[in-house]
Amino acid sequence: MLRDKPLSESQLNERHLRLYAALAQIPPGCVMSYGELAQQAGLGRAARWVGRVLAQLPDDSRLPWHRILRADGRLGLPADSPSARKQCERLRSEGVLVENGRVKGFKQDAP
DNA sequence: GCCATGGCTAGTA
DNA sequence: GCCATGGCTAGTA
């Protein structure tokens, strides 16, 4: 994991590392929900905790946090926030179709 | 007690 | 919308 700054104490434990590892393995153009990521990392139903960890990632993080969505396919952040814009932009640049705050084709899309 | 969650009702059109 | 989850954080003792 490329970093110039040292990890804070809370980011060093096993749970965080498992989460980062699972996140790093999601290929470009693919998306996953908070809950699925928690499962994938072997963290059970810690979906909510996953959201908080992502919120605390540094701005220059290399991890593909933008590939994580709500279970219903919507982006997890308020639509007007800078982070949400960045997420939307990055997803589109990977070929993911985002339509008003929602990834098309994730769990069923409205026709 | 918080939450970048999730799942499952009710209540409307 | 409402309430259950799960781990963390702040604020007392």
Side-chain angles (χ1 to χ4, degrees):
Chain A
M1 211 173 300
L2 293 170
R3 276 179 194 281
D4 13 35
K5 296 165 193 164
L7 292 165
S8 77
E9 191 63 40
S10 66
Q11 297 171 303
L12 283 171
N13 65 60
E14 184 70 15
R15 302 187 62 79
H16 286 261
L17 295 179
R18 293 173 72 97
L19 178 58
Y20 296 150
L23 178 55
Q25 281 181 304
I26 305 175
C30 292
V31 291
M32 190 179 285
S33 73
Y34 297 93
E36 286 170 338
L37 179 57
Q39 280 294 325
Q40 201 72 145
L43 302 174
R45 314 177 215 311
R48 198 150 190 161
W49 177 77
V50 166
R52 282 211 319 216
V53 174
L54 297 193
Q56 289 162 0
L57 287 175
D59 283 349
D60 58 0
S61 175
R62 301 271 189 179
L63 291 170
W65 56 267
H66 59 280
R67 299 183 189 135
I68 305 306
L69 317 169
R70 284 181 167 244
D72 60 6
R74 305 182 58 89
L75 308 194
L77 298 84
D80 50 3
S81 69
S83 301
R85 280 189 232 290
K86 180 171 289 184
Q87 180 174 26
C88 191
E89 176 189 327
R90 287 189 184 178
L91 286 173
R92 284 179 171 149
S93 80
E94 294 182 356
V96 176
L97 187 53
V98 186
E99 216 170 83
N100 53 30
R102 185 188 181 87
V103 168
K104 251 199 145 175
F106 180 56
K107 283 283 178 186
Q108 257 136 14
D109 41 33

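In the text below, chain A, chain B and the rest are named by the order of the sequence lines, each starting its count at 1.
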Inset, instruction - Measure the shortest side-chain to side-chain distance between Arg67(A) and Pro28(A) over non-hydrogen atoms and say whether it is less than 4.5 angstrom. - result: yes
Inset, instruction - Evaluate the side-chain proximity of Tyr20(A) to Val53(A): yes if any heavy-atom separation is below 4.5 Å, no if none is. - result: yes
Inset, instruction - Using Watson-Crick or G-U wobble pairs with both distances under 3.5 Å, give me DNA chain B in dot-bracket, 5' to 3', with [ ] for crossers and | for pairs to another strand. - result: |||.||||.....
Inset, instruction - Measure from the side chain of Arg45(A), starting at C-beta and using heavy atoms only, and say which of dT5(C), dA4(B), dC8(C) lies closest. - result: dT5(C)
Legend entry - Single-linkage hydrophobic cluster, 4.5 Å side-chain cutoff, Leu77(A) and Leu63(A) together: no
Legend entry - Leu23(A) side chain reached by Val50(A) side chain, heavy atoms, under 4.5 Å: no
Inset, instruction - Counting heavy atoms from C-beta on, name the nucleotide in dC8(C), dG6(C), dT5(B) closest to the side chain of Arg70(A). - result: dT5(B)
Inset, instruction - Round to a whole Å and report the spacing from CG of Leu91(A) to P of dA4(B). - result: 19 Å
Inset, instruction - Let me know the distance between CD of Gln39(A) and P of dT5(B), rounded to the nearest Å. - result: 17 Å
Inset, instruction - Provide, to the nearest angstrom, the distance between the CG atom belonging to Leu19(A) and the P atom belonging to dC8(C). - result: 11 Å
Legend entry - Proximity to the side chain of Trp65(A) - top-ranked nucleotide from dC8(C), dG6(C), dA4(B): dA4(B)
Inset, instruction - Consider the side chain of Trp49(A), meaning its heavy atoms from C-beta on, and name the nucleotide among dT5(B), dG7(C), dA4(B) that approaches it most closely. - result: dG7(C)
Inset, instruction - May I have the distance from Glu36(A) (atom CD) to dG7(B) (atom C1'), rounded to whole angstrom? - result: 14 Å
Inset, instruction - Would you mind reading off the distance between Leu23(A) atom CG and dA4(B) atom C1', rounded to a whole angstrom? - result: 13 Å
Inset, instruction - Could you check whether Ala55(A) gets within reach of a base, just the sugar-phosphate, or nothing at all, counting any heavy atom under 4.0 Å? - result: base
Inset, instruction - Would you indicate which nucleotide in dA4(B), dC8(C), dG6(B) comes nearest to any side-chain atom of His16(A)? - result: dC8(C)
Legend entry - Rounded interatomic separation in angstrom, taking CG from Leu75(A) and C1' from dG6(B): 17 Å
Inset, instruction - Describe the nucleic acid contact of Arg52(A) in one word from base, sugar-phosphate, nothing, applying a heavy-atom distance below 4.0 Å. - result: base
Inset, instruction - Rounded to the nearest angstrom, tell me the gap between atom CG in Leu37(A) and atom P in dG6(B). - result: 10 Å
Legend entry - Check: Arg70(A) side chain, Arg102(A) main-chain N or O, donor-acceptor pair, under 3.5 Å: no
Legend entry - Student check: side-chain heavy atoms of Ile68(A) and Val31(A) closer than 4.5 Å: no
Legend entry - Close side-chain approach of Gln87(A) to Trp65(A), heavy-atom, < 4.5 Å: yes
Inset, instruction - Please state how far atom CZ in Arg18(A) lies from atom P in dG7(C), giving the value in whole angstrom units. - result: 12 Å
Legend entry - Among dG7(C), dG6(B), dC3(B), the nucleotide that comes nearest once only the side chain of Arg48(A) is considered: dC3(B)
Inset, instruction - Mind checking Ser81(A) for me? I need base, sugar-phosphate or nothing, with any heavy atom below 4.0 Å counting as a touch. - result: nothing
